[in-house]
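Here the structure comes first, spelled out in C-alpha cells, and everything after it is commentary.
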Amino acid sequence: MIFALAGFGILLAMVLVLIRLIKGPTLYDRVLAVNSFGTHTVLLIGVVGFWNGRPDFLDIALLYALINFVGTIAVLKFFRYRAIGDVMWTPPEKDKDA
Amino acid sequence: MSEYGIILQFLSWTLIAGGTFFVVIGAIGTLRFPDFWPRLHAASITESGGVILLLAGLCLHAGWTLVMLKLIFIGVFLLITGPTSTHAIANAALVSGLRPKSQSVAPNKADDESS
C-alpha cells in the first residue's frame, strides 16, 4: 500500500518537473528539469518494481541513473562548446552566449 | 513479503513516506521558486533527501538479499552524481552569464565586468 503512495507521489513530482521543463525560461532550467525527471524515473522504477513484487527491475534503475547523468553532462558540454566530440578551440575568456 | 518484525515494516514505511515527501517537496520547489538558482537548490533536495530515505526504506523492506546490494549501489551512485550534475549545471549557467536576480550576495568583481 505504501508503494502505491510512493508511486503516485513520485508521479506527481514528475508532472511538476515537467511543467517546469515547459515553462523554464532559461536553457539551464530545462536541463535541470530533465536531470530531475531522470532521478524521479530511477526512483519510480525502484518503487514500482517493489510494488509488483519483482525487485529485479533495479538493474534497469541503476542503468538509467548512469545514462541520465551522462546525458546531462553531454547537453551541458554541447551548449558550452557548441560541439561534443572534437573540442578544438578553447572558448573566449568572457563569452556571452546564454 | 519476506517475514520480518512489525517494527521493521513500520520503519520501512515511514522511511518510504519520508522519501516521497522529500521528492514531492523538491519538485514543488523546482516549480515555484522565482529564480534559477533557488530552483537548483530545490532540485537537489530530491537528489539527496528523497533518494536516501526512499532507498533506505526499500532496503529495509528487502532485507539482507542481493536486492539490498543493488539498492545500495543505486544510492551510492545517485549520491555521487547528484551533486556533481548540479554543480555542472550551476557552473555552465554561471559561465554563460546567468547571475542571481536578487544579487543578495555581494556582487563580486566578475559581475561588474559582465553585467
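Letters A, B, ... mirror the listed sequences (proteins, then strands); counts begin at 1. Since the model is a prediction, treat every value here as computed from it, not as a measurement.
Residues A:Val34 and A:Leu16 are members of separate hydrophobic clusters, defined by side-chain heavy-atom contacts under 4.5 angstrom among Ile, Leu, Val, Met, Phe, Trp and Tyr. B:Met68 and B:Leu55 fall into different hydrophobic clusters, where Ile, Leu, Val, Met, Phe, Trp and Tyr are joined by side-chain heavy atoms under 4.5 Å apart, directly or via other members. Both A:Met14 and A:Phe50 belong to a common hydrophobic cluster when Ile, Leu, Val, Met, Phe, Trp and Tyr are linked at side-chain heavy-atom distances under 4.5 angstrom. Hydrophobic cluster membership is shared by A:Phe37 and B:Val51, with clusters built from Ile, Leu, Val, Met, Phe, Trp and Tyr side chains linked at under 4.5 angstrom. Criterion: ILVMFWY side-chain heavy atoms under 4.5 Å apart, direct or through other members. Under it, B:Ile45 and B:Ile52 are not part of a common hydrophobic cluster.
Counting heavy-atom pairs under 4.5 Å between each of A:Thr72, A:Leu43, A:Ile19 and chain B puts A:Leu43 at the top. In terms of non-hydrogen atom pairs under 4.5 Å with chain B, the most contact-rich of A:Leu32, A:Asp59, A:Leu21, A:Ile73 is A:Leu32. Annotation: maximal heavy-atom pairing with chain A below 4.5 Å, among B:Leu71, B:Leu66, B:Thr65, occurs at B:Leu71. Note on B:Ala17, B:Ala92, B:Gly57: by heavy-atom pairs under 4.5 Å with chain A, the leading option is B:Ala92.
Side-chain contact between B:Leu58 and A:Phe3: present, with at least one pair of heavy atoms (C-beta onward) separated by less than 4.5 Å.
The distance from atom OG of B:Ser96 to atom CZ of A:Phe79, rounded to the nearest 0.5 Å, is 11.0 Å. For the atom pair CD1 (A:Ile60) and NZ (B:Lys70), the distance works out to 10.0 Å, reported to the nearest 0.5 Å.
Residues passing the side chain to side chain donor-acceptor pair (under 3.5 Å) test with B:Ser85 are A:Asn35, sequence neighbours excluded. Under the side chain to side chain donor-acceptor pair (under 3.5 Å) criterion, A:Thr26 pairs with A:Asp29, sequence neighbours left out.
Residue contact with chain A, scored on non-hydrogen atoms closer than 4.5 Å, involves the backbone and the side chain of B:Leu40 alike. For A:Val42, the part sitting under 4.5 Å from any heavy atom of chain B is the side chain, from C-beta outward, and nothing else. Proximity to chain B (any heavy atom under 4.5 Å) is restricted, for A:Leu76, to the side chain, taken from C-beta onward.
Across every non-hydrogen atom of B:Arg39 and A:Pro25, the tightest pair is NH1-CD, 4.2 Å.
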Take B:Leu54 and A:Ile10 through the test side chain to side chain contact (heavy atoms under 4.5 Å, CB included) and record every step on the way to the result.
-> CA-CA 11 Å; B:Leu54 208 62; A:Ile10 294 177; 3.7 Å; yes
When the side chains of residues 19-34 of chain B are checked against the rest of the protein, which donor-acceptor pairs come out under 3.5 Å, sequence neighbours left out?
{"from": "B:Thr20", "atom 1": "OG1", "to": "B:Ile16", "atom 2": "O", "distance (Å)": "2.7"}
{"from": "B:Thr30", "atom 1": "OG1", "to": "B:Gly26", "atom 2": "O", "distance (Å)": "2.7"}

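Chain A is approached within less than 4.5 Å, heavy atom to heavy atom, by B:Phe73, B:Ile74, B:Phe77, B:Leu78 from residues 72-80 of chain B, ordered by number.
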